[in-house]
Structures are given as structure tokens and as C-alpha cells.
Peer 1: 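Here you go, one structure.
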Protein chains: 2
Amino acid sequence: MQSDRINKIQHHLYSAGFANVQELAEATGASIVTIRRDLQRLEENGIVTRTHGGARLAEAAGPELAFQSRVQEHLDAKRAIGEVAYGLLQPHTTVFFDAGTTVLQLARRLRVEPLPLTIFTNGLAVAQDLVNVEGLSVNLLGGQLRNENLSMVGPYAERLLGEFWFDQLYLGTSAVRGDAQMYTLNPAEASLNRAMIARTSQAVLLADASKFGSSAPYAVAPISDIHTVITDSALDGAWKTRLADLNIDTTFVPLGRKL
Amino acid sequence: MQSDRINKIQHHLYSAGFANVQELAEATGASIVTIRRDLQRLEENGIVTRTHGGARLAEAAGPELAFQSRVQEHLDAKRAIGEVAYGLLQPHTTVFFDAGTTVLQLARRLRVEPLPLTIFTNGLAVAQDLVNVEGLSVNLLGGQLRNENLSMVGPYAERLLGEFWFDQLYLGTSAVRGDAQMYTLNPAEASLNRAMIARTSQAVLLADASKFGSSAPYAVAPISDIHTVITDSALDGAWKTRLADLNIDTTFVPLGRKL
DNA sequence: AACGGGATGATCAAATACGATCATAAAAGC
DNA sequence: GCTTTTATGATCGTATTTGATCATCCCGTT
């Protein structure tokens, strides 16, 4: 089916940088003729640049596709985590959604069955998804806009946070290292995340298993600052033991099964 | 029951990301014909995006239909005004863009030829258009998000404004009445607009001729608070005289001619 | 400059999907 | 219980997508 195939082509090109028509045909299971048509259309839409025999992503499409590509990583796990997180939401409460891609899945889940909530967020994509959802009051934090993940950060955003209290915070992370601290890719984001955690009754971490044991440069906070972790059942036993030892309420979401 | 099935469809699409009509028929126990009718209705309501052979949940509930409709009104005039406004921008300055549809045309013009600017805005659509533009630092104001025009308003946003000064403000308006005051459709928007005008060295009003002499319920400020007006040459003579009498620097942009 | 191999887009046939129409069933209102 | 309205599924004509084939073009090598 066409729509799925176009997605696969974009992600293949994002990962590989360049591909020829034969590679794309193999990657998608379609014929060479079909791939050429697809590339023709993608070129018309400014998404790819064609060369003789193949294609690469158009320069202009780069930042947006980088974000879309990260959204697509571990998407099944993120959706399943989003489903469970949805079950924790309480109507008529004030909730902060950070700008992470797993939190974005929670926002998407909320669109399927809206609840009456007051939502704060520093994520442009989250705001965009929720702006027209019935029963929601959506507030943006404000601050300097980062194009890598469409989030607002900076001292301005942090100071504003200081004036609020949230019933719940739904937080993503880039990594949880062996030292049991959460890490992220940007210092301003790390600083803002600390400020968020300091302003909530219940911090909920949404992170698929691939984040545990991986690495990023900027420390956010010890995972013991988190009240609830929702991850998936692919998490290895050592981490399960670690989380239990730290008395962190953890939900392991099964994968590969239709809900 | 129909609403039950619609729910199942949405849940299935949330979990699977994309499904074809046959899969949805199997998931719901209904026929293919019924599923197509359901998808047609869901698409009309902006909940799903259909493709040949299937559907996915709609990506961000794109800007509200009414907003898109207003963007298209007087588009030639707005583009021409945006072009002239672009000529007033000074590199390495701090500029505030409000959330109006004419200001959005200025943002789009800026994408074509970027300038190194620090941009503040309370418009989600403006932020979206500018987030990936090279050389720009984009800051969002923050505040409560209105879905009518994707802008942030409220006491929170106003108070934040009080901490900044802008070299230039580019402002839209809903109406300029006979009493030479600007008017808008929402009280919080009117209040925020006053706060903007109070924090800039140069307020530039971008308004096509149709706004002059029209009406809206909430007063913003007298037009004499504005330093520069950019409108189009369709403005009638009486208004031209009025603006001259008020010593307001006004540019009348000719229409109907390709720039 | 010529040639061979590979790539391209146009055309056509086949397969799949779509929406309109109609008959039937179910639900709602009186 | 009856009538009207709404929803559902089958059928059919139309539309879209896909893959094969073919003539033409492009690129690298001699």
C-alpha cells in the first residue's frame, strides 16, 4: 500500500543518506517502476533530490524528517506506553506534557478519547496535536524554540515553570545510564527537565526499553526523583531489579499483542 | 452499534498506525462498505486521513478550518503587504510577530530569504513556519492557546511581555473603525495587543483595506499609537485623508501586479 | 566519437479499491 | 403495534495503483 511505502522510502533515505532504485525496491517490496513513480512524486513535493539511478533527501526536508524519524523509532513500544499512561490521567487535573516523542504518543492517544484536562506543555508538536481537542485547555510554556525536537527551553521557560504546580508530569528521556540518572542531549533541556520535576506531585517517566543503559551527554536527575516509570517488557532483568530496588513503581507494557 | 465501531476503528488506528479497509472490517466485525462509510465520516471530521486502500489517524489536527479560511481571504493583498513589510526588517534586531494572518504572510516571505533576527511570537502558525529557518532565533511567548487563530493569550502572556522590549512589532488587526481605533474579536487578544504596543520602539500595522471601516467588538488602541501602517491601494480616499491627518507613516501597496 | 550497459518515462493490461444505488434490517418515534 | 428514519450489506460501474514492456536517453569505457 502506497502510504506505507512512501514512509519506508523516506526513512530508508534518512538512514542511508542515498539509495538507488533497486535498494528502495527491495526495502519496500515494490517494483522498480513503482519506486520511480514514488520518487518522482517525492521530488515534486520537495522531499527528495533525484540523481541518475537513485535519490537522497532534499536538504530542506532534513530537520523535519529528523524529528519525524525519531518519532517513528520504537513506535509500537511508544504507543503501548502511551496507552498505559492514558489510563493514569485523571479528569479535571492539571498535567504537564514534555516534548518527548513518547509523550507525543500519549497526546495522540488523548485525541482518540478526550478528557477534560488543563494541559501545559513546552512541545510544539504536543500543542499542535491537542489544540483542537474538545474539553482541553492547552497552555504553552514559552521560551526559545529548538528545531531539533520542537521544544521550548531556556531560562525564561524555567522561571515561568517556577510559578506553577502540576498534578502530574509526563516526561520522556533520551537515556538512563548505569548510574541510574536520566540524561538528555541538550543542556537547556536538562535544566528545564529538572525544573519540571521540582514542580509536580507525580512525575511519570515514559521511556521504551532502548533508553535504559544507553547514553547522552547531559544529566537531568536521578531516576529516584521519578514516582512512576512506564516502559516496555523488553527491558532486561538487571534494570528490572534496579528499578525494584529503588522502589520505583514500574509498569512493564507487553509488546507484540493487539490491544 | 455505530459509535462503538467508530471507537474501535480509532483505537485500532492508534495502535497500528495504519490499517487497510479489510483489517478494519475484521477488527470491528462490520462489512467493508460500512467501514468505508465510517472512514468517510471520520475524514470529514478531521479525525483520520484516508489513502487509497486504507487510513491513518490524522496528523496534528491542522489549523482550524476557520483559521485556514481567513488565511486565504485577501491573500494577494496580504502577500503584497508582507513583501513591503519584509523590506522594513533590519538584520540583527529583535522583532515581535503577532498571530494575525497578514503577519503570517510576512513570516512566509522571511522563509524565502532569511535574515538573522531574534523573533518573538505568540502565534503557533508563525512559530511553525519559522522553526527551521536558518539564522533565526525563534522564541514563543507562552500562554493559553486559543484554537480560533492558534495564538497564545492571557494574563500570563501579558506579564511575560512586560519583561521585553522589541525593536519592531508587526501587528495585525480585525478592524479599524470610524473612531480611528483598532478592534479585535477576543478580549484577551485585545489586552495582549495593548501590552505588545507598549513594549516596542516601532509598531507596524499590517492590514489590508477591507479592515478599515469594518467592525469588531473589543477595542485595542487608537491607531495613533501605531508608527507605520502598511495597507493596500484599495483603501478609500476618506481613510487616506484620515491617516495623513493623524501623521501616520502609511504605505499603500499596489495590487494586481506581479512583484 | 562510438558502443554497450544501465536508467528513464510512457503506454497498456490486470488487479484492487472506491462510491453510488438499491433492497433489507434495525432502531426510533408516535 | 405501526410508521418513519437510519444503518447495513450486496452489486455494479468507475477510479486508482501496480508491474511488464518498449523506445529513448545517459553514462562510463574504449
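Residue numbers begin at 1 in each chain, while the letters A, B, ... track the order of the sequences. As the structure is a prediction and not an experimental result, all values here were calculated from the model.
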Peer 1: Output yes when at least one side-chain N/O atom of B/Arg36 is less than 4.0 Å from OP1 or OP2 of D/dT8, else no.
Peer 2: no

Peer 1: Between A/His52 and A/Gly29, just flag the one whose closest nucleotide in DNA chain D comes earlier from the 5' side.
Peer 2: A/Gly29

Peer 1: Which listed nucleotide (C/dT8, D/dG19, D/dT8) is nearest to the side chain of B/Arg37?
Peer 2: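 Among the listed nucleotides, the one closest to the side chain of B/Arg37 is D/dT8.
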
Peer 1: Over how many whole Å does the gap from A/Gln40 atom CD to C/dT8 atom P extend?
Peer 2: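 Computing the A/Gln40:CD to C/dT8:P distance gives 11 Å.
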
Peer 1: Side chain of A/Arg50, heavy atoms from C-beta onward: which of D/dG9, D/dT18, C/dT8 has the nearest atom to it?
Peer 2: C/dT8

Peer 1: On DNA chain D, check which nucleotide each of B/Ile35 and A/Ile35 is closest to and give me the residue with the more 5' one.
Peer 2: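 With B/Ile35 and A/Ile35 compared, the 5'-side residue is B/Ile35.
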
Peer 1: Using the side-chain heavy atoms of B/Val33, tell me which of these nucleotides is nearest: C/dT8, D/dA10, C/dC18.
Peer 2: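 Of C/dT8, D/dA10, C/dC18, D/dA10 is nearest to the side chain of B/Val33.
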
Peer 1: Near A/Glu64 CD, under 6.0 Å, is it more than 12 heavy atoms from other residues, nucleotides or ligands?
Peer 2: no

Peer 1: Which whole-number value in Å describes the distance from B/Arg5 CZ to D/dG9 P?
Peer 2: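 Distance check: B/Arg5 CZ to D/dG9 P gives 7 Å.
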
Peer 1: Between atom CG in A/Asn20 and atom P in D/dC27, what is the gap in whole Å?
Peer 2: 16 Å

Peer 1: Starting from C1' on D/dG9, measure out to CD on B/Glu26 and report it in whole angstrom.
Peer 2: 16 Å

Peer 1: For A/Phe96 and A/Phe120, take the angle between the two ring planes, folded into 0 to 90°, and tell me which bin it lands in: parallel under 30, tilted 30 to 60, perpendicular over 60.
Peer 2: parallel

Peer 1: Mind checking whether B/Thr101 and B/Gln105 have side chains closer than 4.5 Å, heavy atoms only?
Peer 2: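 They are not in contact (no side-chain heavy atoms under 4.5 Å apart), so the answer is no.
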
Peer 1: Expressed as a whole number of angstroms, how long is the span from A/Ile32:CD1 to D/dC22:P?
Peer 2: 17 Å

Peer 1: Would you say A/Ser31 reaches D/dT18's phosphate, i.e. side-chain N/O to OP1/OP2 under 4.0 Å?
Peer 2: no

Peer 1: Does the side chain of B/Thr34 get closer than 4.0 angstrom to OP1 or OP2 of D/dT8 through an N or O atom?
Peer 2: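 B/Thr34 to D/dT8 OP1/OP2: no side-chain N or O under 4.0 Å.
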
Peer 1: Counting any heavy atom closer than 4.0 Å, what does B/Arg41 reach on the DNA or RNA strands: base, sugar-phosphate only, or nothing?
Peer 2: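 B/Arg41: no heavy atom of the nucleic acid under 4.0 Å.
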
Peer 1: Under a plain distance cut-off of 3.5 Å, with no hydrogens placed, do A/Gln72 and A/Gln68 share a side-chain donor-acceptor pair?
Peer 2: no

Peer 1: Over how many whole Å does the gap from B/Asp4 atom CG to C/dA26 atom P extend?
Peer 2: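 After rounding, the gap between these two atoms is 18 Å.
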
Peer 1: Rounded to the Å, how far apart are B/Asp38 CG and C/dA17 C1'?
Peer 2: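 The answer, rounded to whole Å, is 17 Å.
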
Peer 1: In whole angstroms, how far is the P atom of C/dT16 from the CD atom of B/Gln22?
Peer 2: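 One finds 12 Å between P of C/dT16 and CD of B/Gln22, rounded.
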
Peer 1: Would you say that B/Leu39 contacts B/Leu24 through its side chain, given a criterion of any heavy-atom pair below 4.5 Å between the two side chains?
Peer 2: yes

